[in-house]
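Below is one structure, written out as structure tokens; the observations come after it.
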Amino acid sequence: MTDPSPNSLQINEIPETFDTMIGWGCFGKGESLIQNQFTLTQFGDDSVDLDIICCGICGTDIHCIDSGWRPSDYPFVGGHEIIGRVTRIGKNVTHLKVGDRAGVGCQSASCKKCSNCQDNKENLCEDNVVWTFNDCWTNGDSTYGGFANKWRGEKEFAVKIPEQLSSVDASSILCAGITTYVPLKRYNVGPNSKVAVLGLGGLGHFGVQWAKAMGATVVAYGTSGEKLEDAKSLGCNDYITAYNSENAETHLNTFTHILATKILNEHWDMYFQMLKKNGIFILCDIPENNLAGINAFNMAAKQITIASSFIGSPKEIDEALAFATQNGIRTWANEFPMAKVNEAIEFVRQGKPKYRVVLMN
Ligand SMILES: [Zn+2]
Ligand SMILES: [Zn+2]
């Protein structure tokens, strides 16, 4: 009897065509990924085809596998820190040529017409943010991410990768990097700033590097004492954990900014104690539960701003890649072969990466 599950597909028996790719699909909530063939959207004048070199794993991939934020549209192919080699371009593509390396982050299209799109803020498109996976192109075809051998999408969101930046270093800048770079820059972090980075993981290790390169004093807050040496290597001026929590007191009322890549609702009072008056709390964590436990008086008494930030536009990604190239900022990555994607996801679930997992084709 024929097994009806996707496992039964014999990939090698199906000729791969110009319009198909082999990807690692998630077919149901919490399930392991299964290799399968998928049909790409039609190639057009604005299209770019990539042979994928590598792709980082982001917390979003796990949230989508688990339908953590909202029900996912299974099957989907995750991965939105994609670096690939350009193999074909449509006739309207001028910023890339065949053979270049290009990168694609979380977003793959926008309406191009609203005021934010017109203002190079496509990440804030008012009408139509198209996600790189678990979403549909405007014509209704599924978008597919980077846990695959090929990517096809629109030129606007395929950014050119600087020659001097390795593919692995560039990959996680497309999500973890841009998510932390943009708000630090928007809220004017510089030599007079003192920044607390909460959580030394995929986002946090970028947060520390950006803030240091912008000239700030940086203190990281983590849970694991074993990351102390890494925190120093990343450039932290201090690293606070439960193991040396007495040091935390010396930093109270001194931070101009907190970059929170990991928050706990029970700690809001402490976060407000850490900040100076007029301090800015930048929320980069998107927990699955609602925020709670904020004491409005404590917040008002210090005139604290709670700010959020939403990835970055292609222009900001270009800028972050250039800034990373100039300042030697890189992805600290654990590399896994693409075929070991399920092992790699388990590694991420267990919180083991130092500090990002990148899948290699
Ligand atoms: Zn991401
Ligand atoms: Zn728009």
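Computed from a predicted model, the values in this text were never measured in an experiment. Just so you know, ligand 1 is whichever comes first in the structure, and atom 1 is the first atom listed for that ligand. We number each residue from 1, following the sequence as shown. Because only heavy atoms are used, hydrogens play no part in the values below, and waters and symmetry mates are left out as well, while side chains stay in.
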Glu163, CD atom: more than 12 neighbouring heavy atoms under 6.0 Å: no
Thr41/Asn139 under side-chain hydrogen bond (donor to acceptor under 3.5 Å, both in side chains): CA gap, chis, key distance, verdict: CA-CA 9 Å; Thr41 190; Asn139 67 5; 3.3 Å; yes
Pair Thr305-Tyr187, side-chain donor/acceptor within less than 3.5 Å: no
Whether Cys175 has an N, O or S atom under 2.8 Å from the Zn ion (ligand 1): yes
Where the Zn ion (ligand 2) is the vertex, angle from Cys111 SG to Cys114 SG to 10°: 110°
Angle, SG of Cys117 through the Zn ion (ligand 2) to SG of Cys125 - 10° precision: 100°
Test item: side-chain donor near acceptor, Lys194 and Thr254, under 3.5 Å: yes
